[in-house]
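Numbers restart at 1 for each chain; the letters A, B, ... are given by sequence-line order, proteins then strands. Fair warning: this is a prediction, and the values are worked out from it, not measured in the lab.
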Protein chains: 2
Amino acid sequence: MLRLSKLTDYAVVVLVRLSGMDGVQTSPGIAAATGIPEPTVAKVLKTLAAGELVSSQRGAKGGYRLNRELSAIPIADVIAAVDGPIALTACVEGSPSGCESQGLCPMRGRWDPVNDAIHKALTDITLADMQKGLLPAFRAAPAFQSAAE
Amino acid sequence: MLRLSKLTDYAVVVLVRLSGMDGVQTSPGIAAATGIPEPTVAKVLKTLAAGELVSSQRGAKGGYRLNRELSAIPIADVIAAVDGPIALTACVEGSPSGCESQGLCPMRGRWDPVNDAIHKALTDITLADMQKGLLPAFRAAPAFQSAAE
DNA sequence: TCAATCAGGACTGATGCAGTCCGGATAATC
DNA sequence: GATTATCCGGACTGCATCAGTCCTGATTGA
């Protein structure tokens, strides 16, 4: 199914939410604004901080802040930060010399062009592109206030 | 990790093996030639037959045959046949109106351009492209004869 | 000193995949 | 007609990965 993890989906939502806000934002705040459960938001933000997409400030009045503008964040970076490096098959991934069946695997390196094509496609699309189509209602207002309470 | 299943990898190997051979080939034969376990090859071939990438002939002297040339099979078709439709997120997938949090999910449809880009990239690459780089040793000779026996 | 916040990791349940196997149907051959 | 080789369709089990939660500690402002 070629699917990426839900965390990546959340990450995009969180990053878009972080943009357009001045100063830092706390994970509880983002959780309330997006409707994503608090622990999950915290997890996503920690991952994004590790990937250097956001910076964190600890302590009281702490929170998170975007490192770059949305237009400077290709979706590939988000996927790489959350899901790890983009690699379609195990062959391309970590193993240095080859798959388990070393000399046998006939597709050795064969997926590389496919990988490159996908990587390029994901690099050409930035978060700003994904934000463009966002419902204005969401960008302005916090969600979940009527449904949750 | 954006990974596709191993079955898809096997499918490519099997399809490449099917090409360049006249007449039908049996799954035990392909298994021996590729080094992929027999039951797995059978599973892959059944899936590919369901996806109309290969035709099957039952009974003695039966086997499988390619429906189109490798150059007419985009890798997207193989992925779709084995892994199901290409959809990055659950949003795009099956659910008709939206995710579990209907009115909330702010990314509704937002992944569509990403999906399209990936789909296009995968449609532009055919199995013939992937075959080009194959090691000549593999294309000519059956593998696994010295290791297995 | 206290409270708010992030950091880092452990943990559990659920989900999907990999791989195998079995009984049945079909068709060529003896 | 019997036999054999092959595909068909599905069920099944173990394994890996992911989703989501929680806990303890470190940091920082009030």
Does a side-chain N or O of [X] approach OP1 or OP2 of [N] to a distance below 4.0 Å, or not?
X: A/Y10; N: D/dA19; result: no
X: B/Y64; N: D/dC8; result: yes
X: A/S56; N: C/dA7; result: yes

Can you figure out which of [options] approaches the side chain of [X] most closely?
X: B/L7; options: D/dT21, C/dA18, D/dC18; result: C/dA18
X: A/K43; options: D/dA19, C/dC6, C/dT20; result: D/dA19
X: B/S27; options: C/dA18, C/dT5, D/dC7; result: D/dC7

What is the distance, rounded to the nearest whole Å, between atom CG of B/D9 and atom P of C/dC17?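 Rounded to the whole Å, the gap is 16 Å.
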Whole angstroms only, please: what is the CD-C1' distance between A/Q25 and C/dA4?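 For the pair A/Q25 CD and C/dA4 C1', the rounded distance is 16 Å.
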Mind jotting down which residue pairs meet the salt bridge (charged side-chain N to carboxylate O under 4.0 Å, His left out) criterion with at least one end in residues 113-123 of chain B? Sequence neighbours excluded, please.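 For residues 113-123 of chain B: B/K120-B/D124.
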Where do N or O atoms of nucleotides 26-30 of chain C meet protein N or O atoms at under 3.5 Å, pair by pair?
from: C/dT26; atom 1: O2; to: B/G59; atom 2: N; distance (Å): 3.4

Verdict with supporting geometry, B/E38 and B/S27, side chain to side chain contact (heavy atoms under 4.5 Å, CB included): CA-CA 7 Å; B/E38 223 175 290; B/S27 39; 5.6 Å; no
Testing the basics here: between A/L18 and A/V54, what is the closest heavy-atom pair and its distance to 0.1 Å?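 Nearest heavy atoms, A/L18 then A/V54: CD1-CG1, 3.7 Å.
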Provide the closest heavy-atom pair for A/R65 versus A/V24 in the form atom of the first, atom of the second, distance.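 Between these two residues, the closest heavy atoms are NE-CG1, 3.9 Å.
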Need to verify one output field. Residue with the more 5' nearest nucleotide on DNA chain D, B/L45 or A/T40?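 Checking each residue's closest nucleotide, the 5'-ward one belongs to B/L45.
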Look at the side chain of A/K6 and the base of D/dG20, then say whether one donor and one acceptor between them are separated by less than 3.5 Å.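 By the distance-only test, no, there is no pair.
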Starting from the 5' end of DNA chain C, give me the residue, A/G63 or B/P39, whose nearest nucleotide shows up first.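 Whichever sits nearer the 5' end wins; that is A/G63.
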Please determine if B/D77 and B/R68 form a salt bridge, counting it only when a charged side-chain N lies under 4.0 Å from a carboxylate O.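 Counted as a salt bridge, because a side-chain N and a carboxylate O are separated by less than 4.0 Å.
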